[in-house]
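Quick notes on the structure that follows.
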Amino acid sequence: MAATTPQVTREAVEYYLSSNLEFTSNWIVNNATDDMIHQWKVRRGWLATHSAGGHDSDLLDSPTDFPSMLSSKNSITENMFKNYISGNRKFTPRPRKMLTSLRQMSERELFMELIRDIANELDVNVLCHKILANVSTLTNSDRGSLFLARGSKNNRYLVSKLFDVTESSTLEDTLQNEENEIRVPVGKGIAGHVALTKETVNIKNAYEDPRFNNEVDLKTGYKTHSILCMPILNYEGDVIGVAQIINKRTGDEVHEFTEDDVEVFKNYLTFCGIGITNAQLFELSVEEYKRNQMLLKLARGIFEEQSSLEKLVQKIMIEAQELLRCERCSVYLIEEEVAEEQDPKYLKRGSVTSMPEIELISTNGRKEPKDIVFAKAFDLFMKDKGTIRLLSEKDLVNSKNAEIARYVASTHETLNISDVQSDTRFSRQEGTEEEEDGFQLQNMLCMPIYNSQHCIIGITQLMNKMNKHPFYERDMNMFEAFAIFCGLGIHNTQMYENAVKLSAKQSVALEVLSYHAMASKEETAALKNSHIPSAKKLNLYSFDFDDLPLGEDLTLQATIRMFLELDLVNKFHLSYEVLCRWLCSVRKNYRPVTYHNWRHAFNVAQTMFTMFTTGKMRNMLTDLEVIGLIVACLCHDLDHRGTNNAFQLKVDSPLAVLYSTSTMEHHHFDHSILILNSEGNNIFENLSPEDYRKVIKILESAILATDLALYFKKRGNFQTLVERGEKKFVTEEKKELLRNMMMTACDVSAITKPWPIQQRVAKLVASEFFEQGDIEKSQLNLKPHAMMDREKEDELPKMQVGFIDAICMPLYKLMADFWEPLNVMLEGCEGNRRNWKQKHVENPHNSAGVVHAQEGGSQGTDKTKG
């Protein structure tokens, strides 16, 4: 029978090698491979761990580098620093001697060996693990935990960096990440008590101490008997952590820690405090390096993107979200307002319009939160994967986030709110987009964004850290530096966009001035000295008015008659000569396009006049509103080019650069101001400054109301008031709504005219639309919309029915329900619908014979569909 080979354990071999170092050294010299030597260098800290798979020759520039590398004392720190920066935090530590070797040492030798074990360790996690493992060896304890102090001076707490560490447990087994770490408020529990009092606590029976929490024992089945808990102090005597060991291993039923254990524990933790402080300083230096690198990267990105504010904000928000690991990020930009203080006595002659003044909030002049207006806000939700959303107007006004942003803009404070829902300073608003998308707001960091003049140009918000914790002071410091770069980038981009807009405005102004001219002295004198027919003779009081019999000069005289009949010349002390010059200039500033020309504007004004007189709406509005609406009707399509808003965007015209929404309508209003500011054309020159501001606001609102996109938004509000039986529109908001509905009713009123007029107008509108469609086909290589496609001309009756049903009938039905004298307009609309429907039924594929009328200027429909 063969002899039995004795079992050789790893521990026995290691003990033999440690006890016979000469043998071990000879064996390594004779048998060690290149890879073994390389690994030995790595463990000694002479090589970085990321090079472990390479060869020594790859790391050395010359053979002379090897001795210098061996003599380098800072290689461990340098290599660790590089590993931290590159994200590879696995540094191969100095190998710890086997437990059997340690236990054979004297107490003094063991103590010094364990101190050497932590002396050069700069990774906080590895260091803490070593401390607990060594403490277990020194005190013969079963396991231990280490808590590090966190938080501000007034809000200190402990976090369980490592939990239940034994002599044999690995770092990965016991390391607590941010998601599962235990947080202990200072003053609570045994560890919290030690952190607060700096006392050493030696508990012989844990279950008899009311501070002990047995939840972990219940979950794991482990029985805690004794606890020794002691603070870890830095060189200033401040608590930076708490170490706790459990259950003295004595081999009998007694698990108590002795006074000798306390003394050894205390002495060792003194050195540990120094080590932890150094490791934390090292970690801070790494974080600072990363922060600087991040800010440099951000600066490069921000200053590379100067052409688009939205792209810049998107880049900023993505960087912020990645930097501070939060679920949501929002940026609010402060409104840029047009200066309202326009005294007519000081208007610049010949200027296009007053330049906008950017409404900045300086540190000296602060506004109330309710006065803060945001131009737009961007929102980035983690689940949207990098896609930013523009917050709705409703959210800008009503949401809690916007309320917080307004507060910060007003107070200039940085808010760090750990529980937003319980913060009584801000009310909860239901139904906003922020609540509707299922997002549950928990904590928020909200900070103002300053430009280079230290004026607030926006507010940025970070919401809900991914680890569910609140934002800490270091987050605030990082974010503050981040916000400085953001402010510079946003300000520069805004300046760039303003420069682009000014260039576009200059292009438009030069084009306008090259095409148009103000009225000549002869034109003004001719109108001033002409006889003005009566309103009855001109048929101005009739809803069936037809402009076709009137010549061009007679349309001007008819407009003068409207001003006289409404007594506007007398009430506002209008200079008759200025009025005549202004009217001639307005007519001259309409281009000779097929439909949106002077005659269309004249007809819209006549319908408004008829609503005031025959429709008996004169007493519903103030004199200032009446003159404002008449002027708005005459100016509402100034300098129209025969193309719609969508076309301006397609060709990237200067107008589209200036105005992203209601493009042509904004231009019509600006052109109105241009004429008013021109020499001898300010019909409002005798108004008080307050009345002047009011009438300009009425004028702007009324002209913008002719954009059907705005009509659809406001019709529902008007319908609500009508269905409620509202007859007296008292508040400014309701009166503005009524004025807007009246403007749309006048703008599309050709649909209410007698059938011959309606056919003629439909032909004009269709012709202008087809002209735009032809340009889109021939010059832009685009397929035009059906209503602009000349190939679909035979579908005119069908399109008219659709237009009436979608826009006209709902409008005139509401107007008739609101005010019975306007029922005649509804009846005219209904009659024309029947006629168009009949035309479609009679010949659904060919309507070429529908309209054969003259192509003079004529009253008509809206800017989008005829």
| So do N202 and M230 actually touch side chain to side chain, heavy atoms under 4.5 Å? | no
| query | Would you call V184 and V159 a side-chain contact if the rule is heavy atoms closer than 4.5 Å? | reply | no
| task | Evaluate the side-chain proximity of I459 to C446: yes if any heavy-atom separation is below 4.5 Å, no if none is. | result | yes
| said: Which heavy atom of V194 sits nearest to which heavy atom of V201, and what is that distance? | reply: CG2-CG2, 3.6 Å
| task | Using the six-membered ring of Y157, assess whether NZ or CZ of R183 lies under 6.0 Å from its centre and within 45 degrees of the ring axis. | result | yes
| task | Would you check if T277 and L281 make a side-chain contact, meaning some heavy-atom pair closer than 4.5 Å? | result | yes
| request: Taking all non-hydrogen atoms of both residues into account, name the closest pair between F374 and I334 and its distance. | output: CE2-CD1, 3.7 Å
| request: Quick one: do D261 and V264 satisfy side chain to side chain contact (heavy atoms under 4.5 Å, CB included)? Show the steps, please. | output: CA-CA 5 Å; D261 294 327; V264 170; 5.8 Å; no
| query | Looking only at atom types and distance, does a side-chain atom of N416 sit under 3.5 Å from a main-chain N or O of F471, one as donor and one as acceptor? | reply | yes
| message | Side chains of F265 and I245, heavy atoms from C-beta outward: is any pair under 4.5 Å? | response | yes
| remark: Closest non-hydrogen contact found for D379 with S330 is OD1-OG, 2.8 Å
| request: Taking all heavy atoms of N464 and all of Q442, pick out the closest pair and write down the distance. | output: OD1-N, 2.8 Å
| query | P448 and T414: which non-hydrogen atoms are nearest, and at how many Å? | reply | CD-OG1, 3.9 Å
| remark: d(L380 CG, C326 SG) to nearest 0.5 Å is 8.5 Å
| message | Is it the case that the side chain of S410 and the backbone of R406 share a donor-acceptor pair, with hydrogens and angles ignored and the cut-off at 3.5 Å? | response | no
| query | Between Q421 and Q440, does a side chain to side chain contact (heavy atoms under 4.5 Å, CB included) hold up when you go through it step by step? | reply | CA-CA 9 Å; Q421 302 304 331; Q440 296 295 323; 5.8 Å; no
| request: Side-chain contact test, heavy atoms from C-beta onward, threshold under 4.5 Å: evaluate it for N401 versus Y332 and give yes or no. | output: yes
| field | K248 and D142 ion-paired at < 4.0 Å | value | no
| Is there a donor-acceptor pair under 3.5 Å between the side chain of N267 and the backbone N or O of E263? | yes
| note | Taking every heavy atom of S226 against every heavy atom of F257, the minimum-distance pair comes out as OG-CE1, 3.5 Å
| request: Output the distance between atom OG (S399) and atom CG (L391), rounded to the nearest 0.5 Å. | output: 7.0 Å
| Under the side chain to side chain contact (heavy atoms under 4.5 Å, CB included) criterion, do M444 and L415 qualify, and how do the steps go? | CA-CA 8 Å; M444 175 187 289; L415 289 186; over 6 Å; no
| Is a side-chain donor-acceptor pair under 3.5 Å present for Y222 with N247? | yes
| task | Report yes or no: does Q461 contribute a side-chain atom to a donor-acceptor pair with the main-chain N or O of M447 at less than 3.5 Å? | result | no
| message | If I take atom CZ from residue F479 and atom CG from residue L462, how far apart are they, to the nearest 0.5 angstrom? | response | 3.5 Å
| Can you check whether M466 reaches E327 side chain to side chain, under 4.5 Å on heavy atoms? | yes
| Roughly how far apart are I240 CD1 and I232 CD1, rounded to 0.5 Å? | 6.5 Å
| query | What distance separates Y407 OH from H412 NE2, expressed to the nearest 0.5 Å? | reply | 12.0 Å
| task | Kindly compute the distance separating CZ (F212) from CD1 (I227), expressed to the nearest 0.5 Å. | result | 5.0 Å
| Within-4.5 Å side-chain heavy-atom neighbours: T200 and L228 | yes
| Which is it for R211 and I203 under the side chain to side chain contact (heavy atoms under 4.5 Å, CB included) test, yes or no, and what are the steps along the way? | CA-CA 11 Å; R211 295 167 297 186; I203 302 173; 4.2 Å; yes
For residues 269-276, please give each side-chain donor-acceptor pair under 3.5 Å, one per line with the distance, not counting sequence neighbours.
from : atom 1 : to   : atom 2 : distance (Å)
T270 : OG1    : K266 : O      : 3.0

